[in-house]
Engineer: 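This is the structure I have questions about; it appears just below.
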Number of protein chains: 2
Amino acid sequence: MNAKRMLLETALAHFAEDGYEGASLQKIAEEVGIKKPSIYAHFKGKDDLFLCSLKNALKEEKRRITRFFISRKDQPLDRRLSELLAFLQEEYNRSSESKFVLRMSFFPPSSLYDEVMKLIYPFLDSMERRVLRLMEQAKADGTAPIANPEDAAVAYMTLVDGIMIEMVYSGMASAKRRLKASWPIFWAGIQASKT
Amino acid sequence: MNAKRMLLETALAHFAEDGYEGASLQKIAEEVGIKKPSIYAHFKGKDDLFLCSLKNALKEEKRRITRFFISRKDQPLDRRLSELLAFLQEEYNRSSESKFVLRMSFFPPSSLYDEVMKLIYPFLDSMERRVLRLMEQAKADGTAPIANPEDAAVAYMTLVDGIMIEMVYSGMASAKRRLKASWPIFWAGIQASKT
DNA sequence: TTTAAACTACCTAACGGTCGTTAGGAACAT
DNA sequence: ATGTTCCTAACGACCGTTAGGTAGTTTAAA
């Protein structure tokens, strides 16, 4: 139907799978069912297609996370945070978007490094700030005796990356194993630790 | 001097920086000071060069980690483990090898996926087993009251990845921040947590 | 309401460039 | 004499991109 949308979707999957340099406009066009030069009716070139895909993916990802937090508004912090990890795992499995975002955060095409980072940093920052806010709130209202919210938020982001990375190269089973092992340690640690 | 050695070294850096598809034999040869086809006097092709580089990098990396543990044989477990994290950070900054291993663990060229994984899994496994052994030992001789060595080892590996990944995309400063925030939480957590 | 212009979305053909790779030969060491 | 290590030249394949054309749709003036 809408070719532009299909292009964005397909390109996303290819970039996620093969990286920027490894992805081929030929194959993307083929999968969409048009010829390679027709892409240029919708995008200025490969860079443009890539950056548009990335913007889309980030927007979508952010929206999903926001919705997740809203849907668990009334649950205690530990459930919300540990379930977010599980949620991200599911998302990663279900769609290429998380994989794409993850890959491009870690290994952006060197030719587009600055532009990619300008998009990704605010995304990660906003996620960390959101977690920090939750930690502070939980500490303030006594829900959870968090010793140091700043460190707790940073450590949580570290945990997210460590688990998501395991998703990337070993798949769901290993990542679940990490989550299961790491979460109790993390949660116990942020309440016990003194900096 | 030894062209083969220089090729391996240079290729490593290029693969780490640009990925498998993004790296060019042309540029690698140029940097070494020979012409592109001369590479074929030493390697069967790009695949071969890549896999040889990877093997070398893994061997070297493993050797370094072993040496590190030996050099800190008499220190308490928490210092040994937290300093290993700092050590890996330094290594990552100093040489391309860690970056290469990291990148190829996470995003191997899809055409060589199986062969890459066959090399990398044992490496990561052996590291985890080494950590597990240390945890069990510390628990047994009472040095550190670790509740669950298996989970502790898995969580430690998660921590390693989370911190190293931050190395990749935000550099040393952010990674140190993560280490500083996460380590006390981790260490407190593995002693307090019940599974 | 018709008609002409403009625009959109696709096509085929082809461009220049880079890719990894091979052939074949020269210099040199074993 | 054989093998190693480099070279130049060139191959075919694929890359992203552009030119130029053709339908079909929308827009706007007659």
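Basis for what follows: all heavy atoms, side chains included, without hydrogens, waters or symmetry-related copies. The sequence lines fix the lettering, A, B, ..., with proteins before strands; numbering per chain opens at 1.
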Engineer: Establish, with yes or no, whether the OP1 or OP2 oxygen of D/dC7 is under 4.0 angstrom from a side-chain nitrogen or oxygen of B/S38.
Structural biologist: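 Checking D/dC7 against B/S38, a side-chain N or O does come within under 4.0 Å of OP1 or OP2.
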
Engineer: In whole Å, what is the span from the CG atom of A/L25 to the P atom of D/dC15?
Structural biologist: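 Those two atoms, CG and P, are 8 Å apart.
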
Engineer: Answer yes or no on whether B/K99 is positioned over the face of A/F107, meaning its NZ or CZ is under 6.0 Å from the six-membered ring centre and within 45° of the axis.
Structural biologist: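 No - B/K99 does not lie over the ring of A/F107 by the 6.0 Å and 45° rule.
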
Engineer: Is any side-chain N or O of A/H42 closer than 4.0 Å to OP1 or OP2 of C/dT8?
Structural biologist: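 A/H42 to C/dT8 OP1/OP2: no side-chain N or O under 4.0 Å.
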
Engineer: What integer distance in Å separates A/I34:CD1 from C/dC11:P?
Structural biologist: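 After rounding, the gap between these two atoms is 6 Å.
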
Engineer: Nearest to the A/K36 side chain among C/dG20, D/dC7, D/dT17, which nucleotide is it?
Structural biologist: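 Nearest to the side-chain atoms of A/K36, counting from C-beta on, is D/dT17.
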
Engineer: Would you kindly give the NZ-to-C1' distance between B/K46 and D/dC14, to the nearest whole Å?
Structural biologist: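 The answer, rounded to whole Å, is 13 Å.
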
Engineer: Distance check needed: C/dT22 P versus B/F43 CZ, whole Å only.
Structural biologist: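 Taking CZ of B/F43 and P of C/dT22, I get 16 Å after rounding.
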
Engineer: What's the CD-P distance between A/E21 and D/dC14, to the nearest Å?
Structural biologist: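 My rounded result for the distance is 19 Å.
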
Engineer: Considering every strand and a 4.0 Å limit on heavy-atom distances, what is the contact class for B/A29: base, sugar-phosphate, or nothing?
Structural biologist: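 The answer is nothing, as B/A29 stays clear of every strand by at least 4.0 Å.
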
Engineer: Determine yes or no for a side-chain-to-main-chain donor-acceptor pair under 3.5 angstrom, with B/K46 supplying the side chain and B/A23 the backbone.
Structural biologist: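 Yes, B/K46 side chain to B/A23 backbone: donor-acceptor pair under 3.5 Å.
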
Engineer: Atom CG of A/D47 to atom C1' of D/dC15: distance rounded to whole Å?
Structural biologist: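 So the CG-C1' distance, A/D47 to D/dC15, works out to 13 Å.
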
Engineer: Both A/S24 and A/P37 contact DNA chain D. Taking the nearest nucleotide for each, which residue is further toward the 5' end?
Structural biologist: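 On the 5' side of the pair lies A/S24.
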
Engineer: Does OP1 or OP2 of C/dC10 have a side-chain N or O of A/K35 closer than 4.0 Å?
Structural biologist: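 For C/dC10, OP1/OP2 do not have a side-chain N/O of A/K35 under 4.0 Å.
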
Engineer: Send over the distance from A/N2 CG to C/dT8 P, rounded to a whole Å.
Structural biologist: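 Computing the A/N2:CG to C/dT8:P distance gives 15 Å.
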
Engineer: Hey, which sits more toward the 5' end of DNA chain D by its nearest nucleotide, A/G22 or A/K44?
Structural biologist: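 So the residue in question is A/G22.
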
Engineer: Taking the minimum atom-to-atom distance to the side chain of A/A3, which one of C/dG20, C/dC10, C/dC19 wins?
Structural biologist: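 Of the options given, the side chain of A/A3 lies nearest C/dC10.
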
Engineer: When the distance from OH of A/Y40 to C1' of D/dG21 is rounded to whole Å, what number comes out?
Structural biologist: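 Spelled out: OH on A/Y40 to C1' on D/dG21 is 19 Å.
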
